[in-house]
There are 2 protein chains.
Amino acid sequence: MKSETLKLENQICFKIYTAEREITKLYRELLKELNVTYPQYLVLLLLWEKHSLSVKELGQRLFLDSGTLTPMLKRMELNGLVERKRSEQDERSVIVSVTEKGEALKEKAECIPDQLVDNIPMGKDELTILNKTLTSMLEQLQDHSK
Amino acid sequence: MKSETLKLENQICFKIYTAEREITKLYRELLKELNVTYPQYLVLLLLWEKHSLSVKELGQRLFLDSGTLTPMLKRMELNGLVERKRSEQDERSVIVSVTEKGEALKEKAECIPDQLVDNIPMGKDELTILNKTLTSMLEQLQDHSK
DNA sequence: AGTTATTTAGTTGTACACAATTTAATTTTA
DNA sequence: TAAAATTAAATTGTGTACAACTAAATAACT
């Protein structure tokens with residue numbers, strides 16, 4: 001009885017591991033035209049909303065640390081999508097803001113959520129339940145990782 | 001109405017992306033003693049069951065290609081966990097088999113599923129639903145990625 | 001004020017993950 | 001059977017992820 005639960009947990013972890021890569025693969029196609037990766041797209045989603053955020057704030061929202069963000073933001077800067085400059089109030093902070101070129105991608109990206117839905121056709125009820133389950137799962141995982 | 005679904009899909013993708021990293025982080029702790037990563041642990045799970053599998057078979061089961069597997073298996077070989085040798089029937093294939101040292105890890109790994117469950121305490125019903133939902137989601141994603 | 005502790009990015013090193021290409025072996029087919 | 005197509009790994013190059021560490025700035029404390 002317990003062992004079934006064990007196997008189920010194991011399977012779920014593997015499926016999340018696999019699903020993440022399949023989702024990234026799907027985004028890779030959808031984002032190819034924009035020449036950005038999925039994590040870069042996530043950064044842009046935030047900057048399209050707020051225009052400017054510190055590396056720390058980006059990290060808090062995306063659950064990524066500077067070891068991941070710094071080189072990624074440098075690549076985005078190199079591609080002209082964002083600007084990075086030290087905060088004047090607090091020289092420890094680096095403020096990342098979206099450039100005109102980065103802003104221009106917003107329109108091109110408008111169709112992405114629609115295409116996403118086309119590729120993962122699921123009922124709204126099912127989506128709602130999945131969302132809720134993942135949320136509580138994440139809370140537990142993140143609680144523990146502190 | 002549609003736009004809610006769009007946002008939901010987006011959120012779910014982000015949550016799967018995040019959950020995958022949290023799960024990997026959890027496994028990293030649990031596997032530290034064994035000195036293997038989560039993907040390496042997945043390889044070992046298969047080899048504990050079958051003893052020998054070709055790179056192709058491993059790839060089919062884990063949905064990984066040789067670009068990922070070859071260097072990973074070489075690291076595992078370097079650590080003495082597996083052996084790699086060309087198949088005699090078909091010189092294109094490389095057969096990966098678990099060594100004694102790799103086999104010995106099986107006992108140490110016995111407690112991992114239990115510890116996993118301790119860290120993600122979810123009801124069995126919820127787990128069952130989550131498993132089913134992820135399965136159908138994966139099928140659709142993998143159907144499309146061909 | 002001066003010292004200590006904390007915070008914020010950046011750096012270094014390791015390990016996936018995958019697209020694209022290459023190489024060698026095996027099948028298929030003309 | 002010889003040429004063409006396919007298959008299986010390996011290789012190359014790019015981009016995350018993250019642990020561990022460093023450097024600089026700010027905050028907290030005595």
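Each chain gets a letter, A, B and so on, in the order the sequences are listed, and its residues count up from 1. Bear in mind the structure is a predicted one, so any value in this text is a computation, not a measurement.
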Q: Could you tell me whether the phosphate oxygens of dA19(C), OP1 or OP2, come under 4.0 Å of any side-chain nitrogen or oxygen in R28(A)?
A: yes
Q) Below 4.0 angstrom from OP1 or OP2 of dC18(C), is there any side-chain N or O of R21(A)? A) yes
(Q) Quick check on contacts: within residues 36-49 of chain A, what sits under 4.0 Å from DNA chain D by heavy-atom distance? (A) T37(A), P39(A), Q40(A)
Q | Q140(A) side chain to S136(A) side chain, donor-acceptor N/O pair below 3.5 angstrom | A | no
Q) Regarding K15(B) and T135(A), is there a side-chain donor-to-acceptor distance under 3.5 Å anywhere? A) yes
Q. Atom CD of Q89(A) to atom P of dA27(D): distance rounded to whole Å?
A. 11 Å
Q.
Without decimals, in angstroms, what is the distance between N35(B) CG and dA19(D) P?
A. 16 Å
**Q.** Annotated protein contacts, base or backbone, on nucleotides 2-9 of chain C with a non-hydrogen cut-off under 4.0 Å, one of B, S, - each
**A.** -----BSB
Q: On DNA chain D, check which nucleotide each of E88(A) and M72(A) is closest to and give me the residue with the more 5' one.
A: M72(A)
Q: Scan L69(A) against the nucleic acid and name what it touches under 4.0 Å (heavy atoms): base, sugar-phosphate only, or nothing.
A: nothing
(Q) Applying a 4.0 Å non-hydrogen cut-off, can you work out what K32(B) is touching in the nucleic acid: base, sugar-phosphate, or nothing? (A) nothing
Q: Would you mind checking if E22(A) and K25(A) are paired as a salt bridge, meaning a charged N to carboxylate O distance below 4.0 Å?
A: yes
